[in-house]
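Scroll down for the structure; my scribbles are underneath it.
The basis for the numbers below is simple: all heavy atoms, side chains too, and nothing from hydrogens, waters or symmetry mates.
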Amino acid sequence: MGYSIKTIAQKSGLSQYTLRYYEREGVLPVVARDEHGNRCFHDEDLELISLICCLKDTGMPIAEIKQFIALSREGVEALPDQRKLLQAHKLQIDEKIKFFQRFAQKIEHKIAYFASLEREAQEQAAKK
């Protein structure tokens, strides 16, 4: 079953413009067309779009996503390169997680501090 670009845009959360841009730039491989020349997406396309969104949302640059997609078209001999690219990206994600965890701890400390100030103020108000 084929999906229109409008349906894929709704399912993926991407705009039709972004989907066309990804196709034009080679991020998304050329999409099949129906007899009227309209894009006809399939479940495999939707799964690939989901992966592209995952990579982009976790900070992978479009050029690297494009490289990853190009490698996927090269077959089995490119599997080690694909794995290395994903491993490097995963390390970057892990570093970002650690980076934000430090800030989260600081913010949690401040939340606890303000909660204690609120309790003290409420206790003072209750004594009056």
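The structure places CZ of R20 at 14.5 Å from CD of E25, a figure rounded to the nearest 0.5 Å. F68 CZ to D81 CG: the interatomic distance, rounded to the nearest 0.5 Å, is 11.0 Å. Atom CZ of R39 and atom CD1 of I5 lie 5.0 Å apart (nearest 0.5 Å). Between the CD atom in Q67 and the CD atom in Q82 there is a gap of 10.0 Å [rounded to 0.5 Å].
A single hydrophobic cluster is not seen to contain both L71 and L86; linkage of ILVMFWY side chains at heavy-atom distances under 4.5 Å, directly or through other members, places them apart. Linking Ile, Leu, Val, Met, Phe, Trp and Tyr whenever their side-chain heavy atoms come within less than 4.5 Å leaves I69 and L79 in two separate clusters. Residues V27 and L51 fall within the same hydrophobic cluster, defined by Ile, Leu, Val, Met, Phe, Trp and Tyr side chains chained together at heavy-atom separations under 4.5 Å.
Taking the side chain as every heavy atom from C-beta outward, H42 and C40 approach each other to under 4.5 Å.
Each of H89, K96, E95 was evaluated against I93; a single residue qualifies, H89, per the side-chain contact (heavy atoms from CB on, under 4.5 Å) test.
No more than 12 heavy atoms of other residues, nucleotides or ligands lie within 6.0 Å of CD in E47, so this atom counts as exposed by the packing criterion.
Contact detail for S15 and A9: the closest heavy-atom pair is C-CB, 4.2 Å. Closest heavy-atom contact between P29 and L48: CD-CD2, 3.3 Å. Closest of all the heavy-atom pairs between R33 and E23 is NH2-OE2, 4.0 Å. Summarising the geometry of I62 relative to K56, their closest heavy-atom pair is CD1-CD, 4.1 Å, with the distance given to 0.1 Å. Closest approach of L46 to K11, counting heavy atoms only: CD2-CD, 3.8 Å.
Remark: side-chain polar atoms of T18 are not paired, donor with acceptor, to backbone N or O of L14 under 3.5 angstrom.
When only modelled atom types and interatomic distance are considered, Y3 and D43 share a side-chain donor-acceptor pair under 3.5 Å.
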Can you give me every donor-acceptor pair (side chain of residues 97-108, partner residue at least two apart or in another chain, under 3.5 Å) with its distance?
none

